[in-house]
Amino acid sequence: MSNFQASAGVQGRQFAEQCDQLLAASGFELGSCRMVVKECGIEIDRVATTPTGREIWFEYKGSIQGNRPGLIRTDTLKKAIANGALLQGVPGAAPYVVLTSHLPDTGVGVDMLRSARALGYFHDVICIYQPSQTRRLREL
């Protein structure tokens, strides 16, 4: 394994821990992690329950380093979009929320994210480092 791959794994785990801490601080009960949705073959990073008892499926996309972290990388964004699209065909699927470290602010990534939101592929996409966005967790 290269140093890059090892570093990426460490950063991914650190980001997942930050996401879990944010959800817990927002009143979520953390359930299973790494759940595979058998109907479509995708993996959910965390199943969590809101304070009102609603189950939410979270995907974590981010890191704290790198030139194009989070959803700035179009291949990472495309994977999140594809997962959201696949979940549309799963009867009884919980709302799908992506927690990310970074959102695209220019280029085709902005257009892809806008289109995916308009198609209903995400219940929400939240940058965990922007308090104005993390407040939306309480509305889920």
Is there a path from I42 to M112 through hydrophobic residues (I, L, V, M, F, W, Y) whose side chains come within less than 4.5 Å of each other?
yes

For R135, the salt bridge (charged side-chain N to carboxylate O under 4.0 Å, His left out) test, sequence neighbours excluded, returns none

Go through the structure and list residues passing salt bridge (charged side-chain N to carboxylate O under 4.0 Å, His left out) with D105, not counting sequence neighbours.
none

Drop me the distance from L140's CG to I56's CD1, to the nearest 0.5 angstrom.
5.0 Å

Here the gap from I126 atom CD1 to Q133 atom CD, rounded to the nearest 0.5 Å, amounts to 7.0 Å

Verify same cluster id: L86, M35 (apolar side-chain graph, 4.5 Å):
yes

Going hydrophobic residue to hydrophobic residue with side-chain gaps under 4.5 angstrom, can you get from V98 over to L30?
no

D75 versus K79: any side-chain heavy-atom pair under 4.5 Å?
no

Any pair with a residue in residues 81-94 that passes salt bridge (charged side-chain N to carboxylate O under 4.0 Å, His left out), sequence neighbours left out, goes on the list, sorted by first then second residue, please.
none

Distance-only, no hydrogens or angles: does the T49 side chain make a donor-acceptor pair with backbone N or O of G53 under 3.5 Å?
no

Listed by chain and number, what are the side chain to side chain contact (heavy atoms under 4.5 Å, CB included) partners of P91, not counting sequence neighbours?
none

K78: which residues meet the salt bridge (charged side-chain N to carboxylate O under 4.0 Å, His left out) condition with it, sequence neighbours left out?
none

Linked, directly or transitively: L77 and V125 (ILVMFWY side chains, under 4.5 Å):
yes

Donor-acceptor pair, side chain of T50 and main chain of T52, under 3.5 angstrom
yes

C40 vs L87, side chain to side chain contact (heavy atoms under 4.5 Å, CB included): CA-CA, chis, key distance, verdict:
CA-CA 7 Å; C40 61; L87 285 171; 4.1 Å; yes

Please, which pairs that meet side chain to side chain donor-acceptor pair (under 3.5 Å) have at least one residue in residues 80-100, sequence neighbours excluded?
E59-N83, E59-Y96

Using a 4.5 Å cut-off on heavy atoms from C-beta on, say whether the side chain of E43 contacts that of R34.
yes

Could you check whether any side-chain heavy atom of D111 comes within less than 4.5 Å of a side-chain heavy atom of L113, counting everything from C-beta outward?
no

Of all residues at least two apart in sequence or in a different chain, which pass the side chain to side chain contact (heavy atoms under 4.5 Å, CB included) check with S101?
F15, P69, Y129

In Å and rounded to the nearest 0.5 Å, what is the CG to CG distance from D45 to L99?
9.0 Å

Can you tell me how far OG1 of T76 sits from NE2 of H102, rounded to the nearest 0.5 angstrom?
12.5 Å

Contacts of type side chain to side chain contact (heavy atoms under 4.5 Å, CB included), residue T106, not counting sequence neighbours
none

Residue pairs passing the side chain to side chain donor-acceptor pair (under 3.5 Å) test where at least one lies in residues 116-128, sequence neighbours excluded:
D124-R136

Roughly how far apart are R73 CZ and S63 OG, rounded to 0.5 Å?
9.5 Å

So, for S26 and P51, which heavy atoms are closest and what is the spacing to 0.1 Å?
O-CG, 4.3 Å

Under 4.5 Å between any side-chain heavy atoms of C33 and V47, yes or no?
no

Going by heavy atoms in the side chains, are W57 and V97 under 4.5 Å from each other?
no

Atom CG of L23 and atom OG1 of T134: how far apart are they, to the nearest 0.5 Å?
10.5 Å

Under the salt bridge (charged side-chain N to carboxylate O under 4.0 Å, His left out) rule, what pairs show up with a residue in residues 20-30, not counting sequence neighbours?
D20-R46

With Y60, which residues qualify under ring-ring contact (aromatic ring centres under 6.0 Å, His included), at least two apart?
none

Please enumerate all residues that pass side chain to side chain contact (heavy atoms under 4.5 Å, CB included) together with E39, with sequence neighbours excluded.
V37, V90

Provide the closest heavy-atom pair for L103 versus I72 in the form atom of the first, atom of the second, distance.
O-CG1, 3.7 Å

Under 4.5 Å between side-chain heavy atoms, hopping through other hydrophobics if needed: is there a path connecting F122 to F28?
no

Which heavy-atom pair separates A25 from R138 by the least distance, and what is that distance?
O-NH2, 4.0 Å

